[in-house]
Student: 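What follows is a structure written as structure tokens; I'll ask about it next.
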Protein chains: 2
Amino acid sequence: MKISQKGLYALQALMMLTRRYNQGAIRIRDIAYEESLPEKFLELILLELKNARIVESARGAKGGYQLRRPPDEIRLSEIIRLVDGPLAPFGDAEQLRGLITRDADHRALYQVFLDVRDAAAKILENTTLADLMTKPGAGPARRSSKKKGEASVVPLMVHAGGKEGHD
Amino acid sequence: MKISQKGLYALQALMMLTRRYNQGAIRIRDIAYEESLPEKFLELILLELKNARIVESARGAKGGYQLRRPPDEIRLSEIIRLVDGPLAPFGDAEQLRGLITRDADHRALYQVFLDVRDAAAKILENTTLADLMTKPGAGPARRSSKKKGEASVVPLMVHAGGKEGHD
DNA sequence: AGAATCCCTATCGAACTAATAGGCATTGTA
DNA sequence: TACAATGCCTATTAGTTCGATAGGGATTCT
């Protein structure tokens, strides 16, 4: 899965709307200004988020955007899938399962791809917009999702190579 | 991280060379035929793998390609980084660490991105070409890397949504 | 000498990405 | 009721990436 510039903008805009949750409609212009995003491009993104029922809009003067659901009910996986497609590094989960079943020669390879997508999905399904809110004074970030009967998963000590592992 | 068609071809070609390990040089044409890959495109890929010292070539008649190191010393992470770039879903690990440090407003978001890349890295660093070899008769695949003093990590029961979780 | 094979650079069309443009529709307010 | 503010929507564009092909040069075996 690759997160595009557009995907990043979407997430940033939604973080902004999360901060302003319950404060009524926010103008595109204000979101763009506060998050330093290209206004016209953001307009397109918000339209897409609206069609996906993640945000809602008010038109005309005093119009603007706001979240349609509480921030702790909007998962990062949902947004990323919408804007940037499947979480799998190749194809999508369904396709990979098919290949694992049918392509005996490359089964093990596709299984690794599926493992990677599952690991990403686990993180992104369990992180909501609410989890991204950091208190202004707070130090190094660490988040947790609890509410609404969801399993809280803390990704503790996940690190690959040595202490110094680039990419 | 997104694995391109080219990346998949590279991995497939290397799996083929793993099967033929210690059997001398294999012609591009034979690899292409056996794995059903476009020959000319594969040529480019192998050239790149050669420059990265993953495979070595012999030129002239009786020429061809072979792995330059034993299959259990070639990690999927190395190949994917070479062909498709950083494992992170956005930017690279170093850049993400910088953003987490400096961009207070979006720190938590970038931390999630880094968590995702760490999860992917963990899997891909711990899987080698040797791990992808399945016995011809064997059923559902499961692999493990042991040799050369590496920590063997079995990604057990990693699954996101419900039983039926597409992408 | 000649055939086989890898080496290398160039090129191509299709698709995707990030962004901009501009007119239409709706709504609050003077 | 006008009009200004704002979102809605479609089109367009320049630049990049992707997947693939082409072809001549260099090397090595027989």
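Chain letters run A, B, ... following the sequence lines, proteins first and then strands; every chain starts at 1. These numbers were taken from a predicted model, which means no experiment stands behind them.
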Student: For E39(B) and dG23(D), give me the distance from atom CD to atom P, rounded to whole Å.
Tutor: 15 Å
Student: Name the nucleic acid region contacted by G63(A), choosing base, sugar-phosphate or nothing; use a 4.0 angstrom heavy-atom cut-off, strictly under.
Tutor: sugar-phosphate
Student: So, are E39(A) and R27(A) salt-bridged, with charged N and O less than 4.0 Å apart?
Tutor: no
Student: Check every atom of dA19(C), dA20(D), dC7(C) against the side chain of Q5(B) and return the nucleotide holding the closest atom.
Tutor: dA20(D)
Student: NZ of K50(A) versus C1' of dT6(D): gap in Å, rounded?
Tutor: 13 Å
Student: L47(A) has a side chain; which of dA18(C), dC9(D), dC8(C) sits nearest to it?
Tutor: dC9(D)
Student: Under 4.0 Å from OP1 or OP2 of dC8(D): is there any side-chain N or O of S57(A) that close?
Tutor: yes
Student: When you check the gap from the basic side-chain N to the acidic O, do E78(A) and R75(A) get nearer than 4.0 Å?
Tutor: no
Student: So does E94(A) pair up with R97(A), basic N to acidic O under 4.0 Å?
Tutor: yes
Student: Write down the distance between CG (L46(A)) and C1' (dC9(D)), rounded to a whole number of angstrom.
Tutor: 14 Å
Student: Toward the 5' end of DNA chain C, which comes first, R59(A) or F41(A), by nearest nucleotide?
Tutor: F41(A)
Student: Determine: side-chain N/O of R29(A) to OP1/OP2 of dT6(D), distance under 4.0 Å, yes or no.
Tutor: yes
Student: Considering only NZ, NE, NH1 and NH2 on the basic side and carboxylate oxygens on the acidic side, decide whether R69(B) and E56(B) come within less than 4.0 Å.
Tutor: no
Student: Take the protein atom CG of N51(B) and the nucleotide atom P of dC7(C), then report the distance between them rounded to whole Å.
Tutor: 8 Å
Student: What's the closest nucleotide to the side chain of E43(A) if the choices are dG7(D), dC7(C), dC9(D)?
Tutor: dC9(D)
Student: Please give, in whole Å, the distance from dC18(D) P to L42(B) CG?
Tutor: 18 Å
Student: Taking atom P of dC9(D) as reference, at what distance in whole Å does atom CD1 of I45(A) sit?
Tutor: 16 Å
Student: May I ask you to evaluate whether K62(B) reaches the phosphate of dA4(C), defined as a side-chain N or O under 4.0 Å from OP1 or OP2?
Tutor: no
Student: What about K40(B): does its side chain form a donor-acceptor pair under 3.5 Å with the base of dG19(D)?
Tutor: no
Student: About how many Å separate CD of Q66(A) and CD1 of I26(A), when rounded to the nearest 0.5 Å?
Tutor: 8.0 Å
Student: Rounded to the nearest 0.5 Å, what's the gap from CZ on R19(B) to CG on D105(A)? Could you check?
Tutor: 5.5 Å
Student: Is I28(A) touching bases, backbone alone, or none of the nucleic acid, heavy atoms closer than 4.0 Å?
Tutor: sugar-phosphate
Student: For dA20(D), take OP1 and OP2 only and decide whether either is under 4.0 Å from a side-chain N or O of Y9(B).
Tutor: yes
Student: Between R27(A) and dG7(D), does any side-chain N or O lie under 4.0 Å from OP1 or OP2?
Tutor: no
Student: Can you measure L44(A) atom CG to dT20(C) atom P for me and round it to whole angstrom units?
Tutor: 11 Å
Student: Report yes if at least one side-chain N or O of K6(A) is closer than 4.0 Å to OP1 or OP2 of dT17(C); otherwise report no.
Tutor: no
Student: Between atom CG in D30(B) and atom P in dA4(C), what is the gap in whole Å?
Tutor: 14 Å
Student: Starting from the 5' end of DNA chain D, give me the residue, S4(B) or A61(B), whose nearest nucleotide shows up first.
Tutor: S4(B)
